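What you see is a predicted model; the values in this text were computed from it and never measured. The sequence lines fix the lettering, A, B, ..., with proteins before strands; numbering per chain opens at 1.
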Amino acid sequence: MGNLEIAKLLRNVAAAYTIKDERKFHFQIVAYQKAADSIENSPTQLQDYYKDGKLDTVAGIGISIKGHLEELFTKGKVKYFEWALEGVPPTAFVLMDIPSFGPKTAYRLVEEFGLTNPGTVIKDLKDLAQKGKVAPLKGFGEKSQKDILRAISEFKEGKGKTTRMVLPYASEIADGIIDHLRKCPDVADARVLGSLRRCLPTVGDIDIAVASNNPTSVLDHFVSYPHIERVIEKGKETSSILTSGGKQVDLMVQPIENFGSLLQHFTGSKNHNVALREFSLRKNLSLSEHGIKDLTRKNSGIQHYSSEEKFYQAIGLSWIPPEIRENTGEIELAAKNSLPKLIKTREILGDFHIHSSFPIEPSHDLGKNTIGEMTKKAISLGYKLLGFSEHNPSISKHTPEEIYKLIELRNKNIEHVLSGTKSIRILKLLETDILPTGKLAIDNKSLRLLDFTVVSIHSVFSMDKESMTKRVLMGLSHPKAKVLAHPTGRLLNDRPGYELDWPKVLSFCKKYHKALEINAWPTRLDLSDQIVRQAVEQKVKMIINTDSHAVDQMDNMKYGVAIARRGWAQKSDILNTLDYNKFIKWTKL
DNA sequence: GCCGTTTTCGGCCCGACTGTTTTCAGTCG
């Protein structure tokens, strides 16, 4: 059973408790939800922790849940869970996947109507609502009935938060709305917050904060945004809309003098904020988007903060970069003023995974721009180093001798470009396939033409973890192989990527001086931030590359840097911050 | 049910908004 399934099971237990007696089980509910959160975000399969006897090292898993999970892995089911879930029809859990359906509403409806078929429950409820059967129920009404119908249809169409956007797409939508907001004279400042500010690889909804002393005017202006499908809600200081593209945008307004409190609150993450408030409570301070209350001084009112720095300072912490606000140790370090100095985009001096249009007759896609054009772009970005790593020439269409000649020609082309510039050094690389056998796609004679090669998996993704790990490590063990590109092969919103035995891969890379790539391609962003964090802890070097196939794409570096930051990487963890001599020295280790 | 730089017992974040209600329950973040 995978992590997502296990998390869902724990959530169902929490929901069942909520239905049965929310007050009595309040803290169990919170505990099960916390455990589910942390399992969902775990980069390692829970089954592997179980095998190593390390289940309770996962945050939120204590003695009790650990016992239940052990039973789950040995017997495939858990008596206690079955007891907890008893009496709640499986159909209720199906309805709970629809936004606006919580445990109470879902349970109430399946009970009232005797809905027992999980396969048809959504359609069954829709039919009942259309016939007007929901409105007469106590606690419901005409409006609720309409809302149910709309929630079902939006859920089926994948609107709202049901489908996540990749980061650049979400940024584009957010920019459009920020532009619209700035046209309102009462908007003093408008900023994108939430998961977009924290730079998550995918974003569920867009959160925007506005500083204004006239919130009513701002909210009226917000809902007048032209590309809008409907207003989800609109109150005195917050509003949510659904754009015509089916994306949810949440807005919060606070007075200018309290904008810092709002920035902090609305950036999240939820786990960071909860932990921050618990931390502050121990100092008798109560935090909210409205500011900070000192609980020791009755009727002293609430203190406002115009900047985030002042807000964090008021609770005894140094300012925490948004990318690491996930409650994974940042609060403790901020209290000691010893947060890491995270890598910055301007510290990047080179890009070592780019594809030119040179006709190398590759097995995969060719770039769109020439070596000269790509080099010019690199210089404009202030880079001192560049590495061309087109895909290796197709091995099914060429003899080894032809491959050798193609690479030789490409190299001559690079030397030609290089002779016209002094401001940048160019390395001769390739992106070489690791074949299913673990061998590299081209022979040693051709590999000797290269400074080094980036290696990667482009075929037969369906191998099990052990075989794939063996394959990758064999490919990496070639002396010319220095970088493992897009190490998990994941494509966001498309495929999850293959599994690797990370402890093994990390210790191999450390021992043999191999680097893991953080691929800045918007739908890859691979490594994940969690594995970056592990690599940082194990002192494994990483390199951030754009995998560009055109000059514009070289601007994607910032997304890769964002993932590195989310994984707590510093300049010293990232190889493409090195100058020429130091970098070359590393390639020869 | 989890957790610990005041605690191995006694705590556990904080608020906005909506619909159906005459004071609140449910959902969301």
At a cut-off of 3.5 Å, list every protein nitrogen or oxygen paired with a nitrogen or oxygen from nucleotides 23-26 of chain B, distance to 0.1 Å.
residue, atom, partner, partner atom, Å
B:dG26, OP2, A:K104, NZ, 2.8
B:dG26, O3', A:T105, OG1, 3.2

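- The P atoms of B:dT6 and B:dG19 are separated by 46 Å, rounded to the nearest whole Å.
- For the side-chain hydrogen bond (donor to acceptor under 3.5 Å, both in side chains) test, no residue two or more places apart in sequence or in another chain qualifies with A:E289.
- Applying a 4.0 Å cut-off to non-hydrogen atoms, the residues of residues 129-143 of chain A that approach DNA chain B are A:G139, A:F140, A:G141, A:E142, A:K143, listed by residue number.
- Between the NZ atom of A:K336 and the CD1 atom of A:I331 there is a distance of 13.5 Å, given to the nearest 0.5 Å.
- Nearest to the side-chain atoms of A:E233 among the listed nucleotides B:dT18, B:dC28, B:dC2 stands B:dT18.
- The separation of B:dG10 from B:dG15, taken at their C1' atoms, amounts to 25 Å, rounded to a whole angstrom.
- For A:E323, the salt bridge (Lys or Arg N to Asp or Glu O under 4.0 Å) test picks out A:R565, with sequence neighbours left out.
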Which protein N or O atoms sit under 3.5 Å from an N or O of nucleotides 3-9 of chain B?
residue, atom, partner, partner atom, Å
B:dC3, OP1, A:G60, N, 2.9

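- With B:dA16, B:dG19, B:dG1 as the choices, the nucleotide that has an atom nearest any side-chain atom of A:T238 turns out to be B:dA16.
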I'd like a table of atom pairs between the protein and nucleotides 12-15 of chain B - only N or O on both sides, under 3.5 Å - with the distance next to each one.
residue, atom, partner, partner atom, Å
B:dC12, O3', A:E278, OE2, 3.1
B:dC13, OP2, A:E278, OE2, 2.4
B:dC13, O2, A:R277, NH1, 2.2
B:dC14, OP1, A:S286, OG, 2.9
B:dG15, OP1, A:K293, NZ, 3.4

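- Spacing between B:dT7 and B:dC12 at atom C1', rounded to whole Å, works out to 13 Å.
- Counting any heavy atom pair closer than 4.0 Å across all strands shown, A:Y80 reaches sugar-phosphate atoms only and no base atom.
- Residues A:E112 and A:K138 are not paired through a salt bridge, judged by the lack of any N-O separation under 4.0 Å between the basic side chain and the carboxylate.
- Rounded to the nearest Å, the gap between the C1' atom of B:dC3 and that of B:dT8 is 9 Å.
- Between the C1' atom of B:dT27 and the CD1 atom of A:I148 lies a distance of 13 Å, rounded to the nearest Å.
- Closest-nucleotide positions on DNA chain B for A:S144 and A:M252 were compared, and the one nearer the 5' end corresponds to A:M252.
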